[in-house]
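What follows is one structure encoded as structure tokens, with my remarks underneath.
From a predicted model like this one, the values you see are computed outputs, not experimental measurements.
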Amino acid sequence: MASGVSKSPKTSSRTFDWFPWLSVMDRYISLELLLPFLFGVGLFTSLGISVGTVFELIRRIADSNLGLGVAIKVLFLNMPQFVAYSLPMSTLLASLMAYNRLSSDSELVALRSCGVSIRRMVLPAILLSLVVTGIMFVFNEQIVPQANLQAKQTFERALGDEQPTFQERDILYQQFQPVKEDDGKVRDQLTRLFYAKEFNGEKMRGVTILDFSRGDLSQIVSAETAIWNQAQDTWDFYNGTIYAVSSSGSFSNIIRFQQQEIQLPRTPLDIAENNLDYDEMNIAQARKELALLEKTGNDAKIREMQVRIQQKWALPFACLVMGLVGSVLGTKPKRAGRATSFAISVLIIFSYYLLFSITGAIAETGTISPFLGAWLPNLLGIGIGGLLLMNASN
């Protein structure tokens, strides 16, 4: 252990003063962290795939004659998501195992006798956690959504049940405009409501438009079909009727048409064409979906997407929480084997993801903000880790 605390020559010492993470102690502890981290990634990824994918694929092979080659491809495409999920768990396991080993061999005692504080000892684990946080964020943004989408499409194509990439039924779009009320407050007022029963990828069918541009319902447009005219930047409606509604609520005029151009935004088509699941979107795509949802006026869906976007930001920082908590717990003077470290890791991870799900669900009801619903587990984890670190330092 002497090599872990020995000083380099004077020139190197100055260099390490500027770059403390390059010290001999840091390299030694980082190596202790790296091996169990890689072990954890392999272990937790394998467990996740076994529980989440393999059993379902085996059932599909037996029931639906799913080809082995297709099953292997789907399994491979599902792997990135489970690798991402394993990163926080692996960070926690690595921190616990590494610092438990150093503590049980009295190496941490030796470091403290040389004047190294607990805060300085856990710094390599925190730096590793920050690196893993960045890796998980990039993984979730660049790899996981595309892999999930390809896995779903491959699976559906093999079963002959491929779903369209667009919304087929019940396309709803609500158009609002800001209105200033008598008390000076500005609120959004519904001006138009667009509804289509069906969409085949090019044409809307069973289209109805309610016009509230004058405050009350003033016009109803009903058409057999509607197509977005890209050249004219407008909607072409076919075989329909326009009902003009008087202030008393009766029809004051009825006009039938074979073709009619109506100035509406392209948004209904954008809503219909976007049919990705949450796990198949990165943050940019989720924000685009949120912008479309905000135009529909569906508050429940809007809150859900706001929470999901915040969770996409918050979840990678679980690695930082796990690295902090695991390293501090590992520095406590006790002897714990790998089985104990694994059991503690599972318990902490289960508690974290349970709290993550609960606070997210509460945020979706509107009781707390989407930001708090997504970040509260991390804030609590960092707070607990900070208290443990202060206690260990004393």
Would you check if the side chain of W375 reaches a backbone N or O of Q311 as a donor-acceptor pair within less than 3.5 Å? no
In the hydrophobic clustering (ILVMFWY, side-chain contacts below 4.5 Å, transitive), which residues join Y238, or is it alone? I227
Distance-only, no hydrogens or angles: does the S30 side chain make a donor-acceptor pair with backbone N or O of R27 under 3.5 Å? no
May I have the step-by-step check of side-chain contact (heavy atoms from CB on, under 4.5 Å) for F194 and Q175, ending in yes or no? CA-CA 8 Å; F194 180 104; Q175 186 177 4; over 6 Å; no
Under the 3.5 angstrom rule, does the side chain of N200 hit a backbone N or O of K203 as a donor-acceptor pair? yes
For the pair Y278 (side chain) and R308 (backbone), establish whether a donor and an acceptor sit closer than 3.5 Å, ignoring hydrogens and angles. yes
Any donor-acceptor N/O pair, Q153 side chain to Q150 backbone, under 3.5 Å: no
May I ask you to check whether over 12 heavy atoms, not counting those of Q259, lie within 6.0 Å of atom CD? yes
Treating Ile, Leu, Val, Met, Phe, Trp and Tyr as nodes and any side-chain heavy-atom pair under 4.5 angstrom as an edge, say whether L320 and L376 lie in one connected cluster. no
side-chain contact (heavy atoms from CB on, under 4.5 Å) against L388, all qualifying residues, sequence neighbours excluded: V328, L329, I384
Residues clustered with V109, ILVMFWY side-chain links under 4.5 angstrom: none
Residues D279, K312: salt bridge by 4.0 Å N-O rule: no
In this structure, which one of L92, N378, V325 forms a side chain to side chain contact (heavy atoms under 4.5 Å, CB included) with Y352? N378
Using modelled atom types only, decide if a donor and an acceptor are shared between the side chain of D105 and the backbone of E107 within a distance under 3.5 Å. no
Donor-acceptor contact present, side-chain T234 to main-chain I262, <3.5 Å: yes
I'd like to know if the side chain of S86 reaches the main chain of F44, judged simply by a donor and an acceptor atom lying under 3.5 Å from each other, with no hydrogens or angles considered. no
Tell me the closest heavy-atom pair linking I118 and S393, and the distance in Å. CB-OG, 4.0 Å
Under the criterion side-chain contact (heavy atoms from CB on, under 4.5 Å), I'd like the reasoning laid out for R120 against L111: C-alpha separation, chi angles, the key distance, then a yes or no. CA-CA 10 Å; R120 184 63 184 82; L111 286 172; over 6 Å; no
